[in-house]
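This report refers to the structure that appears directly beneath it.
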Amino acid sequence: MYELLAAGVVDILQIKYLVPLCLGTLAGVVGGALPGVTITMTIIVVLPFTFGLDPLQGLAAMTGVYVGGSAGGLVTAILLGLPGTPSSIATTFDGHAMARRGEPGRALWLGVWSSFFGGLLGGLFLIGATGPLASFALQFGPWEFFSLFLLALSMVAGLVEASLLKGLISGALGLIVTVLGVDPVMGQERLRLGIPFLSGGIDFLPVLIGVFAFAQIMGEIEKRGMPSVLPAVDRTMSLAVSQARVIWEVLSRPLQLLWCSFIGLLIGVLPAIGGSAASMMAYDQAKKFSRRPQDFGSGAPEGIIASESSNNANVGGSLVTIMAFGIPGDAVTAVMLGALTIHGIQSGPLFISQNAQLAYGIFAAYLLAHPIMVLILALGARWMLRVVTVPKAALFPIVLVLCVVGAYALNNTMGNVYVLLSFGVLGYLMVKFGFPLAPFILGVILGDQIEINLIRSIMTDPDPWLFVTRPISGVLLGAALLSIVAALWQHRRMQRRAAVSQTDPDY
Amino acid sequence: LKLSRDGWAGLAVLAASLFLFALTLDLKPSALVPIGPGFYPRIVLGFTALLAVALVAFDFSRKKPLLSLEKANHGAVVLHFAVFGLYVAALPWLGFRVATFAYVAAANALLDPPRSVKGLVRVGVLALLTALAVYVVFEHYLSVLMPRGRWTGF
């Protein structure tokens, strides 16, 4: 394993991989810092640029976006009080308070180093756990895969903050998308509805791009009275700070760092919950375990460390599920899954054994993206505050043009652009009607695999009880049922509470 | 029938799933896979229809008053979808460069209307730079052949 990792590091240190990794990390930091532009949107914009690259170059760039984006949100969160991404909302509570108290440099660098160490802890888990989990998944037959995918869908449907019923309907709508056009087992045409571009089925990438890009951009456009000018930045503000002191401030709280990173990892492994839930949960835990909980909200360093370490560790957790099981942990890894399929690479348990060089290259890119992210923020944190003043009126049309290019370039046909537009409208309507997008996307991604494994299992042995009596499959189905019951209980509890806080959706 | 948006959404999902379910009844089984291509879609569509019925039933039985829709500029959203739809429709006829120039200029002007000649120049320059830069990068460096226009020839 260590030899492969060392080989991966050597690969990534070559200019042809290092350049995409650095550019991806820079794009991620800038995208993450821009309020209203999420990491998902940034990776969607970067995606078409990776089509002409080799798989490792493309995935190195995307890994950079993911790591950079998870940290980039802290710049505006701390210095302007405006979270660049939903996952940095918790950072504003103490980060901005500390900055206003006259310590912007300390607040910023506490966030940067917490992201760095949290991310590296996530990296250790990623490298250590992916192989064993993939080996475990190699024991799976079609029954187990079918049950595993059902578990992932039921968890996502239950964990989203909308109603359970809407979450399930959203997942089912995603599955319906995959039954249109062509049967994945025999390649037989079905339910084409007379639409020519449905004849080969629907690619999930234009669906994903359309749903997320339009839901977010149209959501911004519809806001009345949206401030077009960000709060003024004090140009004389000094960000200079003793790095050794700040690093010691982070590392002198090892238990907090480990616990909050663990929370981030755990949330990352669970499909489609997202970094915002991880950082909020870690912040809440840090406050509960603190000897001075009253200090939280007024510039407590523990608040910044908790939020930033967990949201960067979350990235490692999300990458584990996609590399070991082929199940995307969130929208960003869903786009990465799409990038793999464009290059003809199948993710899942065989991925790491069949593509060891690529897998360890991704691990190495993940590890190296962290020091690059620190370097970018060291050189450009102040410059980042100028970038965020880019008017959205100019940014949004350019992003949508790149979405069109991304959809078109998949196979150089307009069909995917029509899919992009259709699902853009559907995604926006789903948001307006309160249907969560995450189960829908997971349904679109897993639909074909669910069908293939169901048909394979029935063709092997028509006894339906095998889904329950095979131990792993039975446990997974039981867990799926349990997740539905737990979600019902949770929703009932939430309904009893009068006030439900509203946060931005974690696209 | 007093339904909220949940109820209406449930009815729409129910109608769509029943319509597609009816279409699956015409699918013929294959010789190699006797279960047939309609087996799985029927499970998914039937399950979706059941969930949709449950959503309508819950909505119907729920105590009102309903949550009011938040104030939002839906007109602007419809307009932007229309402009984007026109862009997509125009791509095969005008080609990438012309259609993108027109789209970026129109969308930018709608989002931030130019109030002076300088503003108009800004809109034009942004549209021109976007169309050309994206074209050059993708066509020449990333080997993506961008759409050519049937009317314009380029």
Side-chain angles (χ1 to χ4, degrees), chain A residues 48-49 51-53 163 165-166 168-169 172-173 175-176 178-180 182-183 185-186 188-191 193 214 217-219 221-224 228 391-394 396-398 400-402 404-405 408-409 412 414 417-418 420-421 424-425 428-429 432-435 447 450-451 454-455 458-459, chain B residues 5-6 8-10 13 16-17 20 23-24 27 30 32-33 35 37-41 43-45 47-48 51-52 54-55 58 69 71-74 76-77 80-81 84-85 87-88 91-92 96 100 103-104 106-108 110-112 126-127 130-131 134 137-138 141-147:
Chain A
F49 293 97
F51 289 163
L53 307 176
S163 82
L165 203 50
K166 283 181 166 179
L168 288 172
I169 290 177
L173 287 176
L175 295 179
I176 289 177
T178 64
V179 305
L180 301 177
V182 68
D183 154 27
V185 180
M186 289 301 296
Q188 197 174 329
E189 256 190 24
R190 70 179 179 201
L191 305 176
L193 309 172
F214 281 93
I217 288 178
M218 293 303 174
I221 287 174
E222 72 174 22
K223 284 180 193 164
R224 283 175 195 267
S228 55
K392 287 178 185 169
F396 288 162
I398 297 172
L400 289 181
V401 166
L402 288 171
V404 166
V405 175
Y408 176 82
N412 278 20
M414 283 300 294
V417 181
Y418 303 140
L420 172 89
L421 174 61
V425 175
Y428 175 71
L429 287 176
K432 294 312 292 176
F433 279 84
F435 287 88
I450 291 177
E451 178 169 7
L454 176 68
I455 302 297
I458 294 173
M459 296 286 285
Chain B
R5 56 181 174 161
D6 279 9
W8 290 112
V13 172
S17 38
L20 289 171
L23 291 181
T24 64
L27 294 171
S30 120
L32 288 170
V33 185
I35 297 169
F39 173 73
Y40 172 76
I43 296 175
V44 171
L45 292 162
F47 179 63
T48 313
L51 290 172
L55 185 64
F58 275 125
L69 275 171
K71 282 182 185 172
N73 193 353
H74 292 117
V77 173
H80 279 89
F81 266 124
F84 188 78
Y87 170 49
V88 170
L91 269 171
F96 179 80
T100 301
Y103 166 68
V104 175
N108 185 215
L110 280 173
L111 285 167
D112 185 10
L126 177 78
T130 306
V134 174
V137 169
F138 281 91
Y141 296 103
L142 297 169
S143 312
V144 177
L145 196 66
M146 306 306 274

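Sequence lines set the chain letters: A, B, ... in the order given, protein chains first and strands last, and positions in each chain run from 1.
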Heavy-atom contact with chain A under 4.5 Å, split by part of [X]:
X: B:L126; value: side chain
X: B:I43; value: side chain
X: B:V13; value: side chain
X: B:L27; value: side chain
X: B:L55; value: both
X: B:V134; value: side chain
X: B:F138; value: side chain
X: B:S143; value: neither

Portion of [X] that has a non-hydrogen atom of chain B nearer than 4.5 angstrom:
X: A:E451; result: both
X: A:L454; result: side chain
X: A:L429; result: neither
X: A:V425; result: both
X: A:L420; result: side chain
X: A:F51; result: neither
X: A:M218; result: both
X: A:Y428; result: side chain

Give me the ring orientation class for A:F214 and B:F81: parallel if the planes are under 30° apart, tilted from 30 to 60°, perpendicular past 60°.
->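 It falls in the parallel class, under 30°.
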
Highest number of heavy-atom pairs under 4.5 Å with chain A: which of B:Y87, B:F96, B:Y141, B:F39?
->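 Among B:Y87, B:F96, B:Y141, B:F39, the one with the most close pairs to chain A is B:Y87.
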
Out of B:L145, B:L23, B:V137, which one racks up the most heavy-atom pairs below 4.5 Å with chain A?
->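 Heavy-atom pairs under 4.5 Å are most numerous for B:L145.
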
Check: [Y] and [X] side chains under 4.5 Å, non-hydrogen atoms:
X: A:I176; Y: B:L45; value: yes
X: B:L20; Y: A:L193; value: yes
X: A:R190; Y: A:V179; value: yes

Looking at [options], which has the largest count of heavy-atom pairs under 4.5 Å with chain B?
options: A:V404, A:V417, A:L173; value: A:V404
options: A:A394, A:G52, A:A393, A:A409; value: A:A393
options: A:I450, A:L400, A:L175, A:I169; value: A:I169

Nearest heavy-atom neighbours spanning [X] and [Y]:
X: B:A52; Y: B:G10; answer: CB-O, 3.4 Å
X: B:G85; Y: A:L421; answer: CA-CD2, 3.9 Å
X: A:P397; Y: B:L111; answer: CD-CD1, 4.1 Å
X: B:V88; Y: A:M414; answer: O-CE, 3.6 Å

Mind checking the CG-CG spacing from A:L191 to A:D183? Nearest 0.5 Å is all I need.
->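 The distance works out to 10.5 Å.
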
OH/B:Y103 to OG1/B:T130 distance, rounded to the nearest 0.5 angstrom?
->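 Between B:Y103 OH and B:T130 OG1, I get 10.5 Å after rounding to 0.5 Å.
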
Is there a donor-acceptor pair closer than 3.5 Å between any side-chain N or O of B:R5 and the backbone N or O of A:G434?
->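 No, B:R5 side chain to A:G434 backbone: no donor-acceptor pair under 3.5 Å.
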
Not counting sequence neighbours, which residues clear side chain to side chain donor-acceptor pair (under 3.5 Å) with B:Y40? List them please.
->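 Testing B:Y40 for side chain to side chain donor-acceptor pair (under 3.5 Å), a comparison that skips the adjacent residues, returns none.
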
Worked verdict on B:L110 versus B:H80 for side chain to side chain contact (heavy atoms under 4.5 Å, CB included) | CA-CA 8 Å; B:L110 280 173; B:H80 279 89; 3.8 Å; yes

